Amino acid sequence: MTSRGTDRATYAPAAADLLHLARQGIRKARTGTPNECFAEAHLAALRTAAAVLATRGRPESTRKRGRIRSAWEVLPEIAPELSSWAEHFGTQATQRARAEAGITGAASPRDAQEMARYADMILRLVERMLLLPTRANLADRAA
């Protein structure tokens, strides 16, 4: 990959692995109970956010050892264009924890479908944003 400012962005090798795991998670989120599907899709979105953080680095901090922040809190500092996505997924983190804990009714079938759809949307957006060599990007370059 070449440096920023050219036709391809520089990315951390781990970013491609995280996005691959996110794609697998979205596929897995299409089967199972609503709780399982919701949790799997949210995890896929979290892996997508982690790929952005791995690529773009950590925010500059003027604080000494502050509290640990979630990826959803840090993402807007690193990628302001993803702020609304970070807010959306951040508000769903508690529901994911409830779904993972197996709490009956934590996620409805509709919740699970929506989460899978949104996770897929952010994944596609981030793949294009980071210009990772995906089939879709390669097809765009060939056209």
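Remember, it's a predicted structure, so these values are computed and weren't measured experimentally. We number each residue from 1, following the sequence as shown.
Nearest approach of Ala44 to Ile26, heavy atoms of both residues: CB-CG1, 3.7 Å. Listed here is the closest heavy atom pair of Pro80 and Glu77: CD-O, 4.5 Å. Residues Pro34 and Ala107 share a closest heavy-atom pair of CB-O, 3.1 Å. Residues Leu53 and Ala71 share a closest heavy-atom pair of CD1-CB, 3.9 Å. Taking all atoms of both residues into account, the shortest heavy-atom contact from Leu18 to Arg47 is CB-O, 3.7 Å. Shortest non-hydrogen contact noted between Leu130 and Ala51 is CD1-O, 4.2 Å.
For the atom pair Arg110 CZ and Met115 CE, the distance stands at 13.0 Å (nearest 0.5 Å). Distance check: His20 NE2 to Leu123 CG gives 11.5 Å after rounding to the nearest 0.5 Å. Here Leu21 contributes atom CG and Lys28 contributes atom NZ; the two are 11.0 Å apart, rounded to the nearest 0.5 Å.
Within the structure, the salt bridge (charged side-chain N to carboxylate O under 4.0 Å, His left out) test picks out no pair touching residues 84-95 (sequence neighbours left out).
Residues forming a side-chain contact (heavy atoms from CB on, under 4.5 Å) with Arg96 (at least two apart in sequence, or on another chain): Phe38, Ala39, His42, Leu43, Leu46, Glu100. For Asp120, the salt bridge (charged side-chain N to carboxylate O under 4.0 Å, His left out) partners two or more places apart in sequence, or in a different chain, are Arg124.
A donor atom on one side chain and an acceptor atom on the other are not found under 3.5 Å apart for His88 and Gln92.
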Item to check | Stepwise side-chain contact (heavy atoms from CB on, under 4.5 Å) check, Ile78 with Thr55 | outcome: CA-CA 10 Å; Ile78 298 298; Thr55 300; over 6 Å; no

Item to check | Pair Phe89-Tyr118, side-chain contact (heavy atoms from CB on, under 4.5 Å): steps then yes or no | outcome: CA-CA 9 Å; Phe89 288 111; Tyr118 288 138; 3.8 Å; yes

Next on the checklist: Walk me through whether Leu82 and Leu125 qualify under side-chain contact (heavy atoms from CB on, under 4.5 Å).
Outcome noted: CA-CA 9 Å; Leu82 298 176; Leu125 176 65; 3.5 Å; yes

Next on the checklist: I'd like to know whether Val52 forms a side-chain contact (heavy atoms from CB on, under 4.5 Å) with Met129, so could you lay out the CA-CA distance, the side-chain angles of the two residues, the decisive distance to 0.1 Å, and finally the verdict.
Outcome noted: CA-CA 9 Å; Val52 174; Met129 185 178 88; 3.9 Å; yes

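With Asn35 contributing its side chain and Ile103 its backbone, the two residues share a donor-acceptor pair below 3.5 Å. In this structure, the side chain of Glu114 does not engage the main chain of Asp111 through any donor-acceptor pair within 3.5 Å.
Salt-bridge formation is not detected for the pair Arg27/Glu40: no Lys NZ or Arg NE/NH1/NH2 atom is positioned less than 4.0 Å from an Asp or Glu carboxylate oxygen.
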